[in-house]
Amino acid sequence: MKESIHYLVMANYLQFQKSLISNINNPELTSGQPKILEYLLFHDGAVQKEIAEACYIEPATLTSVLLGMENKELVIRKNKEGNRRNLYVYLTDKGKNLANQIVEQFEQIEKKALSGLSGQDIESLTRMLAEICKNMKQRSDSSEQK
């Protein structure tokens with residue numbers, strides 16, 4: 001059987017997740033939380049809509065994931081003065097520590113995954129994956145408008 005692109009993308013994603021979860025060794029961490037923690041590390045105080053878009057998560061799903069993260073004391077959600085419509089999400093100290101571990105682990109996993117590839121290969125792969133992501137997002141956005 002020839003491996004298709006969708007199969008290889010999925011397999012690589014699952015391998016990254018499996019490596020991350022086993023290397024972090026935190027039984028509280030679920031598969032959907034690392035990308036949220038990493039995003040908040042660089043965008044602390046983001047509104048839920050921004051997080052959902054950046055992490056490719058449905059807003060309703062994000063709400064339940066954030067509730068679980070609040071219960072684990074990884075994040076807090078609060079209103080800003082003068083803006084009662086939006087909830088802003090902030091990392092707690094515990095969340096920041098875990099997010100830093102995640103970033104460090106992702107760097108190590110990427111280094112291992114990309115070993116043996118030249119700088120030019122890595123640059124090409126990054127460019128192609130970004131283009132695929134853009135194409136898929138455009139397709140998804142246009143199907144939502146129908």
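In what follows, residues are counted from 1 in the order of the sequence shown. It should be emphasised that the depicted structure is a prediction, and the values quoted were computed from it without experimental measurement.
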Enter the distance from [X]:[atom1] to [Y]:[atom2] here, rounded to the nearest 0.5 Å.
X      : Y      : atom1 : atom2 : result
Leu20  : Gln101 : CG    : CD    : 10.0 Å
Leu40  : Gln33  : CG    : CD    : 11.5 Å
Ile21  : Phe16  : CD1   : CZ    : 13.5 Å
Gln17  : Ile109 : CD    : CD1   : 8.5 Å
His6   : Ile132 : NE2   : CD1   : 13.0 Å
Ile122 : Glu110 : CD1   : CD    : 9.0 Å

Quick one: are [X] and [Y] in side-chain contact, heavy atoms under 4.5 Å?
X      : Y      : result
Leu91  : Leu98  : no
Val103 : Leu41  : yes
Asp121 : Leu125 : no
Asn135 : Gln138 : yes
Lys35  : Tyr56  : no

Pair Thr30-Lys72, side-chain contact (heavy atoms from CB on, under 4.5 Å): steps then yes or no = CA-CA 11 Å; Thr30 64; Lys72 295 172 189 173; 3.7 Å; yes
[X] atom [atom1], over 12 foreign heavy atoms within 6.0 Å:
X      : atom1 : value
Lys94  : NZ    : yes
Glu123 : CD    : no
Leu8   : CG    : yes
Asp93  : CG    : no

Does one hydrophobic cluster hold both [X] and [Y], with members joined at side-chain heavy-atom distances below 4.5 Å?
X     : Y     : result
Ile76 : Val89 : no
Tyr7  : Tyr13 : yes
Phe42 : Leu74 : yes

Derivation and outcome, side-chain contact (heavy atoms from CB on, under 4.5 Å), residues Leu87 and Asn79 = CA-CA 5 Å; Leu87 282 175; Asn79 297 100; 3.9 Å; yes
With side-chain contact (heavy atoms from CB on, under 4.5 Å) as the test, would you mind laying out the steps for Arg77 and Leu67 before giving the verdict?
-> CA-CA 9 Å; Arg77 292 184 284 182; Leu67 180 60; 4.0 Å; yes
side-chain contact (heavy atoms from CB on, under 4.5 Å) between Ile36 and Ile57, worked out = CA-CA 10 Å; Ile36 296 168; Ile57 300 173; 3.7 Å; yes
Please work out whether the ring planes of Tyr90 and Tyr88 are parallel, tilted or perpendicular, with thresholds of 30° and 60°.
->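 Rings of Tyr90 and Tyr88: tilted, 30 to 60°.
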State plainly whether the residues Glu131 and Lys134 are in salt-bridge range, i.e. N to O under 4.0 Å.
->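 Yes, charged N to carboxylate O under 4.0 Å.
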